[in-house]
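Because the structure is a prediction, the values reported are computed rather than measured. Start at 1 with the first residue, then count along the sequence.
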Amino acid sequence: MPEPDRHLLSPGSGGLHRDGLKGWPDLWVLPGKPPHARPAAMAPPDHAPDQTLAFPDELLLRVLACLPEPHLTAAASLVCKRWTRLSGRLRRRLAVRDWAFVTHRLPYRFPNLAVLDLFPASIAAPAAPSRASPVLTCGAVSLTLDPSADPPLGACRFLADDVLDRGLAVVAARFPNLRRLWATAAAESGGLMDIAGGCATLQELELHRCTDLALRPVSAFAHLQILRIVAASSPLYGTSEDGGVTDIGLTILAHGCKRLVKLELVGCEGSYDGIAAVGRCCAMLEELTIADHRMDGGWLAALAFCGNLKTLRLQGCSRIDDDPGPAEHLGACLTLESLQLHRCQLRDRRALHALFLVCEGARELLVQNCWGLEDDMFALAGLCRRIKLLSLEGCSLLTTRGVESVVTSWNDLQSLEVVGCNKIKDEEINPALSELFSNLKELKWRPDNKSLLAASLAGTGMGKKGRVFFKRV
């Protein structure tokens, strides 16, 4: 080992020169110094006292309440244990991904929750997860699949029913002011009965893996206003072939939840009887969404029983109604204001004709990314003579002539939106359609990337004679 330079260590040299010690070993012992001793100049400074300790919890809660929720949960809760406890008291919404947290720490960590999402936590982890395991993402939920399962993309595995019930019982006992809840239904869910009894102010419920038997506790929610039912399907949830939601479950639901304002049915297998029961019993129902339905023929005629329905939305439906029946038996929704079709198959002329007959009084018609909507099919929309707002997006088979034949027959049309309809061309606009454009209060015309009409209307004031009508769209 080389000898150190003596003048660096001499008492009269004015101190230890750090540059001279860069290449020295870490275990070098200086004369008169214990091993690994830290010089006085390198000692850590004393921490300043926490000034917030003088604030009472009530005052600090008022200060933390001024922070937006992302900062409240991310930065402020990491300052100290006290701030973690106080920020948890201010948290109002939470999505849980570990069911053990529900039964042990959730009531103590976040005691004042009003919105709680338990669906991600109810999905069981695969038996032998690995880094090579594929991940299936559906919406906000990501599932790690088990490649050793047979088949590899097998049924979605959920926690046992008794485990789900214990967690729901804890939520019911500790969160009496809960307003919104996302949960998974069990075969005979006593936990949902606990929620109905303990959370009297619950207004919105989203229930996954539903069957007719699982809907019995839902009828106990007397003050429920918004309900979303995701029916159990055999390929995804691993239920029996007779699982799911049928007319029996819809009837049980209708007789129990009579204050419903919004109802969404996903993957249900009902028919005329189930929809008619909902219409007769839920007199306050204003918005009905039917997604990916498996209903029997004839259910469209039951919509006439919804005496206060204002919005009808069909999403992801591969068919509308296989057998709507005679037109004189369909009836009509007299209070309907908005008909919305999203990602639906519109290839059945008879079913589409029946739909427009039932919704002939609608004021708004929205068609987004639907397949099979050709000119002759869209001509059936002329039955709805009170349309004030028309929105067409992603209708690749519609032409300019097909749109013109319908919109020129509507005397009350005030707003028009055409986006992503590649067969609609600017050069095919005739004088009648141009005159209609000049009388509209709101016009959004972008059928394709080559459309120049929007640029040519800049500064003319055309299409901007009234208020904006598309804010609700």
Open item on the list: Taking salt bridge (charged side-chain N to carboxylate O under 4.0 Å, His left out) as the cut-off, I'd like each qualifying pair that reaches into residues 193-204, sequence neighbours left out, listed once.
Closed with: Arg180-Glu204
TODO: Drop me the distance from Glu269's CD to Leu250's CG, to the nearest 0.5 angstrom.
DONE: 10.5 Å
- [ ] Compute whether any side-chain donor of one residue and acceptor of the other, for Asp212 and Thr246, lie under 3.5 angstrom apart.
- [x] yes
Open item on the list: Set out, in order, the CA-CA distance, both residues' side-chain angles and the distance that settles salt bridge (Lys or Arg N to Asp or Glu O under 4.0 Å) for Arg209 and Asp161, then state yes or no.
Closed with: CA-CA 12 Å; Arg209 201 181 61 170; Asp161 291 348; 3.4 Å; yes
- [ ] If a pair satisfies side chain to side chain donor-acceptor pair (under 3.5 Å) and one of its residues is in residues 346-357, list it, with sequence neighbours excluded.
- [x] Asp323-Arg350, Gln345-Arg347
Open item on the list: If the threshold is 4.0 Å, N to carboxylate O, is there a salt bridge linking Arg363 and Asp412?
Closed with: no
Task: side-chain contact (heavy atoms from CB on, under 4.5 Å) partners of Gln368, counting only residues at least two apart - done: His342, Glu393
TODO: Quick one: do Glu417 and Leu390 satisfy side-chain contact (heavy atoms from CB on, under 4.5 Å)? Show the steps, please.
DONE: CA-CA 6 Å; Glu417 178 181 4; Leu390 174 63; over 6 Å; no
Task: Residue pairs fulfilling side chain to side chain donor-acceptor pair (under 3.5 Å) with at least one residue in residues 374-387, sequence neighbours excluded - done: Asp375-Thr399
Task: Aromatic plane relationship, Phe119 with His208 - under 30° parallel, 30 to 60° tilted, over 60° perpendicular - done: parallel
Open item on the list: Quick check on Glu328: does its CD atom have over 12 non-hydrogen neighbours (other residues, nucleotides or ligands) under 6.0 Å away?
Closed with: yes
Task: Contact list for residues 296-316, test ring-ring contact (aromatic ring centres under 6.0 Å, His included), sequence neighbours left out - done: His293-Trp299
Open item on the list: Can you confirm whether the side chains of Gln340 and Ser338 place a donor and an acceptor under 3.5 Å from each other?
Closed with: yes
Residues 258-265, side-chain donor-acceptor partners within the protein, below 3.5 Å, at least two apart:
| unit_1 | atom_1 | unit_2 | atom_2 | d |
| --- | --- | --- | --- | --- |
| Arg259 | NH1 | His223 | ND1 | 3.0 |
| Glu264 | OE1 | Arg228 | NE | 3.2 |
| Glu264 | OE2 | Arg228 | NE | 3.1 |

Task: Asp247 side chain to Gly270 backbone, donor-acceptor under 3.5 Å - done: no
Open item on the list: When you measure from the side chain of Asp321 to the backbone of Ala351, do you find a donor-acceptor pair of N or O atoms at a distance under 3.5 Å?
Closed with: no
Task: Cationic N near anionic O, under 4.0 Å, Asp448 to Arg446 - done: no
Open item on the list: Could you check whether atom CG of Leu433 has more than 12 heavy atoms from other residues, nucleotides or ligands sitting under 6.0 Å from it?
Closed with: yes
Task: Glu428-Thr400 side chain donor-acceptor pair, cut-off 3.5 Å - done: yes
